[in-house]
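Let me begin by presenting the structure, written as C-alpha cells, before commenting on it.
As the structure is a computational prediction, the values presented were derived from the model and not from experiment.
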Amino acid sequence: MTTVAEALQIAVGLYRTGRLDEARTLYLRILEADPRNAAALHLLGLSERRLGRCDKAIELIRAALDIAPDMADACCNLAGILSDLGRVDEAAAAQRRALAIDPALEAAHHGLASLLCSRGGPRDWSASAASFRRVLRLSPQRAETYHDLGIALRQGGAVDADALALAQGSQRTALVLRPDFAAAHMNLGNLLVELGRLDEALVCFRRSLAIEPEQGGALYNRGNAEHAAGLADAAVDSYARAARAGVALALTRLADVLTGLGRESEAEQVLRLALTSPGSDVAGAIDMLSALLARQGRYEESRRFFADYRYPHLADPNAFRIECLTAIAESWLAAGKVDRAVEVLAGVHGHGSRFFTVKSIAGLQQVLARQGKRLERPANPDPLQPRICSSTLATHGRFAHNVLEYVLLRLYAEKFGYRLETPDWVGGYYFDLDDPRPTGGLKPMHFARRILNDLVTGRRDDPRPDVDILSPLFLFEHREEWRERVQSWLRPRPEWLGHVDPVMQALKARGNTVVALHIRRGDFVWFRYTITETSWYVDWLKALWPTLDRPVLYIATDDPATIADFAEFAPVSLDDLARDDPAGDGSVKPWTGLEFLQDFHVLMNADVLGVSAHSGYSQLAALLNRNARLFVEPDASARRIKAYSPWTASPAAPSGTP
C-alpha cells in the first residue's frame, strides 16, 4: 500500500511534468485520508494557481499555514500569488514571514527584492537593492540577480548620485558571468543612454538584438537611443518594429519622432492606432493627438472625437474620461474660448499632468481676460544664438515638478550662455517670466537629468547647445550660491497678488508668527512615498508653541481630515479664512481651481515652515521663502521633526561620474 509520503512524492512528480489535473486528483485523495496534511494543502494550492484559480490557491495555502505556521516555502509561494494579484503589501508581508522562519530562503529574498523594486516609491529602492545583495551572498554566481540588482540601483539613481555607477557595474558583472544575457546588454544600454554615452549604448542594444532578434524591449530602447542621438529615421524603424513585436508603448514614441520629422499625417495614424491597441500609452496618445489637432486648427473635429472616444480594452468605458475632457478643454483654449475651457473642467478632479496644466492655464487666462489683459509670450529675439528648449515641461508632474525642472534648465542655460525656450506651462503664467516660445528644429535630449546636473555643478564640461531637453528633470542639490538668483526668477506676477496676498494678510491679522505646515496624502499613498505622520508635528509644536510670539497655525493639505489632529493649536485652512473673512469684504476666498497657488503663497511667506516628506511642492516653497527663520522636515527613520536648510551651504564632493 502506498503511504501518504509516497503519494505526495508521486503527486509532486505529476505537478512538475505539467500533469496538473492528475496531481490535483492525487492531492485531494491524500486530503480525504488526512484532511490536516499541510503539505498536501500547500501543494494543492500550487496546482490551483497553475490552473488560474488564485483565490482558491490562497485559501488552501493559508489553511496549510494555519496547520503548520513554520512552512517557509508555503509563505513564499503565498507571496507569489498575492503579488500576481497586485496585493503587494500582503505579498511583502508573506515574504518577510518566510524569511523570519528561514533567513536563508533564497526565493523569499529574491521575491521580496522584486516586489520592492517594482513598487515605485523611493523608500523601497534601497531595501530592494539590499535584498538582492542578500541573494548574491547566498548564490554569488547568479547573473540574473546581478541584472535585477542593476535595475533596482538604476531606480535609486533618482535620489542617489552614485547609484547609476553601481548599477552599471552590476550589469557588467552579470555579463561577465553570462555573456549571452540579452536583457543585461539591453539594460546596460539604458544606463549608458542616461549617462549620455549614446555610441556605447547603441553597441549594447546591437549585442542584445544579435542574441534575441526582434525582441520588442530591446528595439524600443534602441529607438530611444537613436532618437537621442539624432538618428530619427533609424528610431522610426526601431519603434515600428518594437510595436510589431508587441510593445504597444512604442506607438506614442513613434508618433513623437514622426511629428519631429514633419510627418504629421503619419503621426496621426499611429496615434489613432495607439488609441485602439491594448497595452498602449492611451493617456499619452490622447495628449499628443489633442495637441496635433489643435496645431492644425481642427478644433470641432477634436471635440467630437474626444467626446465620443472610448478605449475598447477596459471594462470601464469612462476610464479615460478626464484625459478626453482635458483634450476638449484644450481645443477651446487653443481657439481662444477661455470660458468654455474653464467650464469643461469645472468640478473635475484629476492628477494627470496635462489635466493640471490645461485646467490651471485656463483659470489663469480667465482672470487675465476679466482684467482686460492677456499674457503675450515673446518671440526669440535672436534665433541664431545657441538655445535650449524643453517641449515636455508641462507634461510630466504638476506645479512644483515643473518649476524644479525649470530651475535646472535655466541654471544650465545661464551657465553656458544659451537662450531658454519654454512651452506654455503653469509656472510660466504664475511667475513673472518672459522666456520665448519654442521655435522648433532641435534634436531631442532624452534622460538628461544626470547630465544636466553634472554640467551645472561642474562635474563635467561638455555642454550640449541646440537640444530639446525632455522630462523628467530635477536638481540633485540646491546650492546656496544659486539661492538669490532662483528666488529672483520665481516671483508671482502682479496680476495674481489680489488672489494670494489677502490670505497672508488674514493670517497676519490673527497673530504675529505664521507657522505653516504642509501635510500631503493623496497620490503619496498610491505611490508609496513616505507619509508624514501628523503626530510627529503635534509633538514638535507642543515644544515650539510657547516660544513663539502670538503664533497662528496654517495647514495646507490634500486631506482636510488631518487638520483636526492639530485642534489644540486652533489651526486654520484656506476654507476657514474664507469663512471667517476678518476684513468682512470678501477679499479672502478660495481661488476656484487654483487654490494650490494660495496655499503655496502662504508656505512661501510663512515665518516657520514645515514641509511634507518627499513633497516637491512644499520643498519648492521652502526654497523660495525669504521670511522663515525656521524650516523643519520629517525624519521618518527617527519618527520626529527636525530642522533643516532648504539650500545646501557648500557643494557636495564630486562623486566621480563614470
Quick one: does [X]'s side chain have a donor or acceptor within less than 3.5 Å of a partner on [Y]'s backbone?
X: Tyr309; Y: Leu275; result: yes
X: Arg459; Y: Asn453; result: no
X: Thr276; Y: Leu273; result: yes

Looking at [Y] and [X], is there a salt bridge between them, counting it only when a charged N and a carboxylate O are closer than 4.0 Å?
X: Asp454; Y: Arg450; value: no
X: Arg479; Y: Glu477; value: yes
X: Asp462; Y: Arg464; value: yes
X: Glu194; Y: Arg154; value: yes
X: Arg295; Y: Glu330; value: no
X: Arg178; Y: Asp180; value: yes

I'd like to know if the side chain of [X] pairs up with that of [Y] as donor and acceptor (distance under 3.5 Å, no hydrogens or angles considered).
X: His446; Y: His227; answer: yes
X: Glu421; Y: Thr439; answer: yes
X: Arg354; Y: Thr326; answer: no
X: Ser139; Y: Glu106; answer: yes
X: Glu480; Y: Thr648; answer: no
X: Ser471; Y: Thr392; answer: yes
X: His110; Y: Asp148; answer: yes
X: Thr357; Y: Arg398; answer: no
X: Thr422; Y: Arg377; answer: yes

Does some side-chain heavy atom of [Y] sit less than 4.5 Å from a side-chain heavy atom of [X]?
X: Ile151; Y: His147; answer: yes
X: Met445; Y: Leu452; answer: yes
X: Leu325; Y: Phe355; answer: no
X: Leu393; Y: Leu409; answer: yes
X: Ser612; Y: Ser618; answer: yes
X: Pro444; Y: Val467; answer: no
X: Leu624; Y: Leu490; answer: yes
X: Gln171; Y: His185; answer: no

Please set out all donor-acceptor pairs under 3.5 angstrom arising from side-chain atoms of residues 250-257, sequence neighbours excluded.
unit_1: Thr252; atom_1: OG1; unit_2: Leu249; atom_2: O; d: 3.2
unit_1: Arg253; atom_1: NH1; unit_2: Asn224; atom_2: OD1; d: 2.4

Practice problem: Could you list all the salt bridge (charged side-chain N to carboxylate O under 4.0 Å, His left out) pairs where at least one residue sits in residues 435-447, not counting sequence neighbours? | Solution: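 Salt bridge (charged side-chain N to carboxylate O under 4.0 Å, His left out) check on residues 435-447 returns Asp424-Arg437.
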Quiz item: Do the ring planes of Phe476 and Phe474 sit parallel (below 30°), tilted (30 to 60°) or perpendicular (above 60°)?
Solution: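 It falls in the perpendicular class, over 60°.
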